[in-house]
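Letters A, B, ... mirror the listed sequences (proteins, then strands); counts begin at 1.
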Amino acid sequence: MKTSIMASERYSPADVEQKWQSRWDEAKLFEAKSEPDPDAPTYYVLEMFPYPSGRIHMGHVRNYAMGDVIARYKRAKGFEVLHPMGWDAFGMPAENAAMQNKTHPKGWTYDNIAAMRAQLKSLGLSLDWSREFATCDVDYYAQQQALFLDFLEAGLVTRKNAKVNWDPVDMTVLANEQVIDGKGWRSGAEVEQRELTQWFFKISDYSEELLDALDGLDEWPARVKLMQANWIGKSRGLQMTFELTEPYGELTGLEIYTTRPDTLAGASFMAVAPEHPLAVALAADNPALAQFVVDVRKSGTSAEELETAEKQGFETGIHVKHPLYESETLPVYVANFVLMDYGTGAIFACPAHDQRDLDFARKYGLPVIDTFFAMDDHTPVENEAFVPPKTETVDWVNQPAGIEKATGEEAIEATIDWAEKKGLGEAKTQFRLRDWGVSRQRYWGCPIPVVHCEKCGVVPEKKENLPVQLPDDVTFDIPGNPLDRHPTWRDCTCPSCGGPAKRETDTMDTFVDSSWYFARFADPTAETPTNVKAVNRWLPVDQYIGGIEHAILHLLYSRFFARAMQKTGHLAVAEPFKGLFTQGMVVHETYKAADGSWVMPSELTISGEGANRRAVLKSDGSPVEIGGIEKMSKSKRNTVDPDEIIATYGADTARWFVLSDSPPDRDVIWTDAGVQGAHRFVQRLWRLVHRVAEGADREGQDNGSLALRKITHKTLSNVDTMIPALRNNAAVAQIYTLVNALEKGVDDNSVSSAAMREGITITLQMIAPMMPHLAEECWVALGCEGMVGDTPWPDFDPDLLA
RNA sequence: GCCCCCCUGGCGGAAUUGGUAGACGCGCGGGAUUCAAAAUCCCGUUCCUUAGGGAGUGCCGGUUCGAUUCCGGCGGGGGGCACCA
């Protein structure tokens, strides 16, 4: 059957794209085989799975288009490819929607998934939909509960008290970023600091390993590794005890931690955290101190508040001996700027060399000792502390270890040695990384599978009793966790003594759900968390792609989880993601109407250019201010709906545009002109293919054939290195150059039909990962065999590269 | 405050290891086609210029036969962490 299409006819994506999506489906082209050829190399490409908010946005289009290029390319290269999709489906938005719209989180979530699945399918992604799951599927969270129990048994989970932000109206714990100006972001209620017993994963046991193993991740962006290293925050210092001048009860000394023992000679006072055992003990007998502790606690823990919070202290009347000068003593304060959960919760303060200590010293009239550097231009410390440089050599005076000329680092090491020899303290490595608190006082999450028994205490649920399933009959008409007030759900039998008991009503942080989903994709129906054989065949993920905003939490938690799963026998590898790529955002200009409201791009007309660009409302022609280029967001109304773009130009144009303009790790600016340019190329290629097809039997003069073949193979060689490096913008530019040459060859009839056909065929194979529908349709128009999506990647001829 | 990254035409950006700066696209200018438009095609497009050239990758300096690329300083923009002692 031959369809005759005139070269003047325009390519119509609407007619074509769905057809090819169905054909790929029918051929099960993208399903990873369950019994694969053991000799075939495997490749696991994964994009961070979406939260089912309701509709996809351009960021999704970019993310999934990038992954799809790799997946289709590797497939053509002969790899057995796993490219799955799922849904990060638990979380607060579903509950907020339930409260606002009187829906049920479950219905809301699954409706959203259905809508977004259809949208994703319209993009023509080479996804293995047979492996799809949502983290709120009972089958998934049941296995997550099994994992939790295994972790608990392996000593990777602990239960302890933690200070949290408590919203007394919504009756829930809030994350720091949900506290705005000391008030709950939803309720507006004054947030309280509460101490609650919470479940924690002991990620801090792995601080050293998570840090060291970063070195081995050579396919990760250096930036992400650095951010994780900073977050883990390893520091070396001295832990030492300052002797009290007279014992307080049992206590004879105050243990502190410092990373700058070299500044010991400048010590002027001591400070302990309000939660420090010494402070607590003193407060018991001292109402003024007790009141001080309460006052200090009232202030929030958010970043902004801490930044502006003034240093506050309470003089305890207790003193310690100065370790260097027998005759001197140092007063001990309780201070709001000392953190209980870092180091020992107590510090020695050296105001001359630490800004915080200086601020405190000036406020409370404490001495500032700045005489122990023989700096040439030594100026006395006033209101700015002098921080001794770590890597520059300076002259020291009165240095405890007797140092005279050394860098800060050398001085620190020498002082630690000195202190160890004198028996004052010992070298100690501290990490900033804290244990991961996973308890959430929420309904729409994975129930923590433990039981509270009056007789036995906290008891893990038995595995055979899993899953602990969320009840469907809950209401959201009053604040708080519906699980807490459910009439019967909490009632259960103690797995230990068989007596009556109550279920834990906290659910897990949704970051837990996303910390192992990549392993579940290897066999999403396994009756254990992972099918060990399958998971070890596919993992680690060869190429993981997602936003930089997950550089720390999600990626670090997943790295911890892989280790925990390794320890509990669910996984063989410690690092889940071999290659990582963090893509930039899709950004767009913003527009503001005269009344200050944001205006959507589709509501206005733009004319002129440069300084003369003007925007007016389509409705009434009133002027609109053109604002900055920002991340697409609903609040700024600068979004472009993928559905509309697909309806107007087709999925291929949208994909081509987000892949072409900007380097993949940078932001791409969405512009109408850019999309039209991308679409212009779609039509150009379509016309070119037909001109070649129609001229197939016409012999060219052939004097341009060799030159064209050289360009063809050079382009192929370049694209072949650019696609695996995700340098799609560069690959696109290469393809443009080739297409320009092909058009020229057709125009001046200077190329043999064989060389022309080779050029156009290779072009189609190169664009197939990016614009798969167009490539298939052109493939047919040229009369090529089978589907281009099922055709091996072409080899370039090295002889033609010179 | 600490840590890190970036800076190339009107715009997004190319330039494999230090070797022809500005590929490719967008925009813009001119032209062709058209009754006209859309669509399409062709030519031009870093700046200055006395038309022979000259300058040029944020600025100043250095290394080098040669620097967008390496080193030092300054300026501008962006990001991460943050009372972490």
Trainee: How far, in whole Å, is B/rU68 from B/rG61 if one measures between their P atoms?
Mentor: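 Result for the P pair: 15 Å, nearest Å.
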Trainee: It should be established whether A/Arg223 places a side-chain nitrogen or oxygen under 4.0 Å from OP1 or OP2 of nucleotide B/rG80.
Mentor: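 For A/Arg223, the contact criterion (side-chain N or O under 4.0 Å from OP1 or OP2 of B/rG80) is not met.
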Trainee: Can you check the A/Glu589 CD to B/rC26 C1' distance for me, whole Å?
Mentor: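 Going from A/Glu589 (CD) to B/rC26 (C1'), I get 14 Å.
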Trainee: So which protein N/O to nucleotides 36-45 of chain B N/O distances come out below 3.5 Å?
Mentor:
| residue | atom | partner | partner atom | Å |
| --- | --- | --- | --- | --- |
| B/rU40 | O3' | A/Arg687 | NH2 | 3.2 |

Trainee: With rounding to the closest Å, how many angstrom separate the P atoms on B/rC43 and B/rG25?
Mentor: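 Looking at atom P only, B/rC43 and B/rG25 are 12 Å apart.
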Trainee: Kindly point out which of B/rA85, B/rC26, B/rG12 is positioned nearest to the side chain of A/Ser662?
Mentor: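 Among B/rA85, B/rC26, B/rG12, the one nearest the side chain of A/Ser662 is B/rG12.
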Trainee: Does a side chain donor of either A/Asn740 or A/Thr737 reach within less than 3.5 Å of an acceptor in the other side chain?
Mentor: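 Short answer, no.
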Trainee: Is A/Phe681 touching bases, backbone alone, or none of the nucleic acid, heavy atoms closer than 4.0 Å?
Mentor: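 The answer is nothing, as A/Phe681 stays clear of every strand by at least 4.0 Å.
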Trainee: Got a sec? Which of residues 716-728 of chain A come in under 4.0 Å of RNA chain B, heavy atoms?
Mentor: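 The stretch gives A/Arg727 as the residues lying under 4.0 Å from the strand, ordered by number.
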Trainee: Can you tell me if A/Ser268 uses its side chain to pair, donor with acceptor, with the backbone of A/Cys350 under 3.5 Å?
Mentor: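 Pair absent, no side-chain N/O of A/Ser268 close to backbone of A/Cys350.
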Trainee: Checking side-chain polar atoms at under 3.5 Å, does A/Thr653 have a donor or acceptor matched by the opposite partner on A/Tyr11?
Mentor: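 Checked: A/Thr653/A/Tyr11 side chains show no N/O donor-acceptor pair below 3.5 Å.
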Trainee: Where each pair must be Watson-Crick or G-U wobble with both distances under 3.5 Å, what dot-bracket representation of RNA chain B is obtained, with crossing pairs in [ ] and other-strand partners as |?
Mentor: (((((((..(((......[....)))((((((.......))))))(((....)))..(((((..]....))))))))))))....
Trainee: Of the nucleotides B/rG12, B/rC83, B/rA82, which has the atom closest to the A/Asn336 side chain?
Mentor: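 Shortest atom-to-atom distance from the side chain points to B/rC83.
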Trainee: Between P on B/rC81 and CG on A/Leu433, what's the gap in Å once rounded to a whole number?
Mentor: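 So the two atoms are 14 Å apart, to the nearest Å.
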Trainee: Taking atom C1' in both B/rC60 and B/rG10, what distance in whole Å separates the two?
Mentor: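 28 Å, rounded to whole Å.
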Trainee: For a quick test of reading the model: is some side-chain N or O of A/Asn740 closer than 4.0 Å to OP1 or OP2 of B/rG25?
Mentor: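 True: A/Asn740 side-chain N/O within range (under 4.0 Å) of B/rG25 OP1/OP2.
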Trainee: Whole-Å distance between B/rC3 P and A/Leu226 CG?
Mentor: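 That distance rounds to 11 Å.
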Trainee: When you check the phosphate oxygens OP1 and OP2 of B/rA23, does a side-chain N or O of A/Tyr736 lie under 4.0 Å from one of them?
Mentor: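 No, A/Tyr736 has no side-chain N/O under 4.0 Å of OP1/OP2 on B/rA23.
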Trainee: Between A/Phe681 and A/Trp656, what is the ring plane arrangement, given parallel below 30°, perpendicular above 60°, and tilted in between?
Mentor: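 The rings of A/Phe681 and A/Trp656 lie parallel, inter-plane angle below 30°.
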Trainee: Return the value, rounded to whole Å, for the distance between atom CH2 of A/Trp231 and atom P of B/rC4.
Mentor: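 Going from A/Trp231 (CH2) to B/rC4 (P), I get 19 Å.
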Trainee: Salt-bridge test for A/Asp748 and A/Lys744: reply yes if a basic N is under 4.0 Å from a carboxylate O, no otherwise.
Mentor: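 So A/Asp748 pairs with A/Lys744 through a salt bridge.
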Trainee: Is A/Arg260 salt-bridged to A/Asp357, cutoff N-O under 4.0 Å?
Mentor: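 No, A/Arg260 and A/Asp357 are not salt-bridged.
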Trainee: The side chain of A/Thr258 lies closest to which of these nucleotides: B/rA85, B/rG13, B/rA82?
Mentor: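 Ranking B/rA85, B/rG13, B/rA82 by closest atom to the A/Thr258 side chain puts B/rA85 first.
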Trainee: Any idea which of B/rC24, B/rG25, B/rC83 is nearest the A/Phe337 side chain?
Mentor: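 Closest of the options to the side chain of A/Phe337: B/rC83.
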Trainee: Can you tell me if A/Asn729 touches the phosphate of B/rA14, counting only side-chain N or O atoms and a distance under 4.0 Å to OP1 or OP2?
Mentor: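 Indeed, a polar side-chain atom of A/Asn729 lies that close.
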Trainee: Report all side-chain donor-acceptor pairs from residues 221-233 of chain A shorter than 3.5 Å, counting only partners two or more places apart or in another chain.
Mentor:
| residue | atom | partner | partner atom | Å |
| --- | --- | --- | --- | --- |
| A/Lys225 | NZ | A/Leu217 | O | 2.9 |
| A/Gln228 | OE1 | A/Arg559 | NH1 | 2.8 |
| A/Gln228 | NE2 | A/Ala551 | O | 3.0 |

Trainee: Please tabulate, one pair per line, each protein N/O and nucleotide N/O from nucleotides 9-11 of chain B that are separated by under 3.5 Å, including the distance.
Mentor:
none

Trainee: A/Arg666 side chain: which of B/rG13, B/rA85, B/rA82 is closest?
Mentor: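 Among the listed nucleotides, the one closest to the side chain of A/Arg666 is B/rG13.
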Trainee: Between A/Lys363 and A/Glu310, does at least one N-O distance fall below 4.0 Å, as a salt bridge requires?
Mentor: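 Salt bridge flag = yes for A/Glu310 with A/Lys363.
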Trainee: Please work out if A/Lys714 contacts a base, only the sugar-phosphate, or nothing of the nucleic acid, heavy-atom cut-off 4.0 Å.
Mentor: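 If one applies the 4.0 Å heavy-atom cut-off, A/Lys714 turns out to touch a base.
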Trainee: Which of these nucleotides, B/rA85, B/rG25, B/rC24, is closest to any side-chain atom of A/Asp661?
Mentor: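 Of B/rA85, B/rG25, B/rC24, B/rG25 is nearest to the side chain of A/Asp661.
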Trainee: Base, sugar-phosphate, or nothing: which does A/Ser660 touch, judged by heavy atoms less than 4.0 Å apart?
Mentor: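 Nothing, no nucleic acid heavy atom in range.
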Trainee: Take atom CE of A/Met240 and atom P of B/rA85, then tell me their distance rounded to the nearest Å.
Mentor: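 So the two atoms are 17 Å apart, to the nearest Å.
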Trainee: Rounded off to whole Å, could you give me the CE-to-C1' distance for the A/Met227 and B/rG78 pair?
Mentor: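 From A/Met227 CE to B/rG78 C1': 13 Å.
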Trainee: Listed by chain and number, what are the salt bridge (charged side-chain N to carboxylate O under 4.0 Å, His left out) partners of A/Glu409, not counting sequence neighbours?
Mentor: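 Listed in chain order: nothing, the list is empty.
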Trainee: Under 4.0 Å, counting only non-hydrogen atoms across every strand here, what does A/Val732 touch: a base, just sugar-phosphate, or nothing?
Mentor: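 Contact class for A/Val732: none.
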Trainee: Taking atom P of B/rG12 as reference, at what distance in whole Å does atom NE2 of A/His588 sit?
Mentor: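 Spelled out: NE2 on A/His588 to P on B/rG12 is 16 Å.
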